[in-house]
Structures are given as C-alpha cells and as structure tokens.
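One structure is given here, and the rest of the page talks about it.
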Amino acid sequence: LMEDIPNVLVFSSGGYGHIPIPLFKQEEPLAKLSDKRSYLINYVGSLAHDPWGMRKKMDDYLKGRLIRRYRYAHAPNWREIMQDS
C-alpha cells in the first residue's frame with residue numbers, strides 16, 4: 001500500500017511504517033521518579049512480531065554495548081521497570 005501512495009507518511013506503533021510512535025493503550029497514573037535509576041535505556045515488550053527482526057537486533061546490539069545500563073523485559077511488572085529507567 002505504501003508503494004501505491006508515495007506522498008503519504010505512515011505513523012505506526014506496531015513497527016510498520018515510516019515514523020514510529022509509542023503504543024498507548026490506556027492512561028497511566030504519573031509515577032514519582034528517582035534520581036538514582038538503574039537503567040539508561042530499556043525495552044519492555046515482545047521481541048517477536050516485528051518487521052525484519054529489528055527488536056531482536058536492537059536487543060543484541062544494546063546488550064553488547066551498555067551491559068548494565070540496558071534492560072529488556074517482557075514482564076507483568078513493566079511499570080516498575082519503566083520507573084527505574
């Protein structure tokens with residue numbers, strides 16, 4: 001479809017398109033953040049169902065470079081992980 005309409009930009013939270021945007025599925029209460037967070041970067045979600053395996057490539061790349069400052073998780077406590085980043 002994107003080839004059929006060349007002058008249209010696709011914004012997508014699913015990884016397909018030109019411009020990635022966050023996936024907001026519900027409102028979340030604001031959390032108090034600490035100055036002493038464990039992670040510089042995190043990814044919380046699935047490493048599957050993405051175009052060209054880009055999430056796994058990102059995970060491998062960041063694990064090899066940031067060591068302790070990066071965290072991947074697919075976990076029910078994702079809110080706490082996000083607060084610690």
Side-chain angles (χ1 to χ4, degrees):
L1 179 65
M2 288 189 279
E3 293 85 21
D4 296 335
I5 311 170
N7 295 326
V8 173
L9 288 176
V10 177
F11 294 77
S12 172
S13 59
Y16 295 92
H18 302 103
I19 300 170
I21 59 173
L23 173 62
F24 297 113
K25 67 176 223 177
Q26 76 245 355
E27 261 188 70
E28 293 290 334
L30 292 176
K32 190 163 189 146
L33 298 176
S34 167
D35 290 337
K36 300 185 188 311
R37 294 181 227 164
S38 301
Y39 306 105
L40 176 64
I41 297 173
N42 75 47
Y43 174 72
V44 178
S46 171
L47 292 179
H49 312 296
D50 58 327
W52 310 287
M54 69 179 181
R55 294 178 191 159
K56 179 71 174 126
K57 290 175 188 173
M58 172 199 69
D59 183 57
D60 292 342
Y61 180 87
L62 292 172
K63 277 182 188 170
R65 283 159 184 79
L66 295 174
I67 305 176
R68 290 188 181 151
R69 301 288 298 181
Y70 165 70
R71 165 116 190 238
Y72 157 72
H74 190 180
N77 67 331
W78 63 269
R79 289 172 182 87
E80 291 83 22
I81 295 166
M82 295 296 288
Q83 283 180 305
D84 201 20
S85 300

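Everything numeric in this text was worked out from a predicted model, so none of it was measured.
Lys57 and Trp52 make their closest contact through NZ-O, 3.1 Å (heavy atoms, listed as atom of the first residue, atom of the second, distance). Between Phe11 and Ile21, the shortest heavy-atom contact is CD2-CG2, 4.1 Å.
The salt bridge (charged side-chain N to carboxylate O under 4.0 Å, His left out) contacts involving residues 33-42 comprise nothing, where partners must be two or more places apart or lie in separate chains. Under the salt bridge (charged side-chain N to carboxylate O under 4.0 Å, His left out) criterion, the residue pairs touching residues 75-85 are Glu28-Arg79, with sequence neighbours excluded.
Met82 and Leu40 are members of different hydrophobic clusters when ILVMFWY side chains are connected at heavy-atom separations under 4.5 Å. The hydrophobic clustering, which links ILVMFWY residues whose side-chain heavy atoms are closer than 4.5 Å, places Leu47 and Tyr70 together.
Separating the CG atom in Asn42 from the CH2 atom in Trp78 is a distance of 10.5 Å, to the nearest 0.5 Å.
Residue Leu30 belongs to no hydrophobic cluster, having no ILVMFWY side-chain heavy atom closer than 4.5 Å to its own.
For Arg69, there are no side chain to side chain donor-acceptor pair (under 3.5 Å) partners two or more places apart in sequence or in a different chain. With sequence neighbours excluded, the residues satisfying side chain to side chain donor-acceptor pair (under 3.5 Å) with Lys63 are Asp59. When the side chain to side chain donor-acceptor pair (under 3.5 Å) test is applied to Tyr43, the partners found at least two apart in sequence or on another chain are Arg55.
Taking a 6.0 Å sphere around CD of Gln26, one finds it holds more than 12 heavy atoms contributed by other residues, nucleotides or ligands.
The shortest distance between side-chain heavy atoms of Ile41 and Leu62 falls below 4.5 Å. Side-chain contact check for His74 versus Val44: every heavy-atom pair is 4.5 Å or farther apart.
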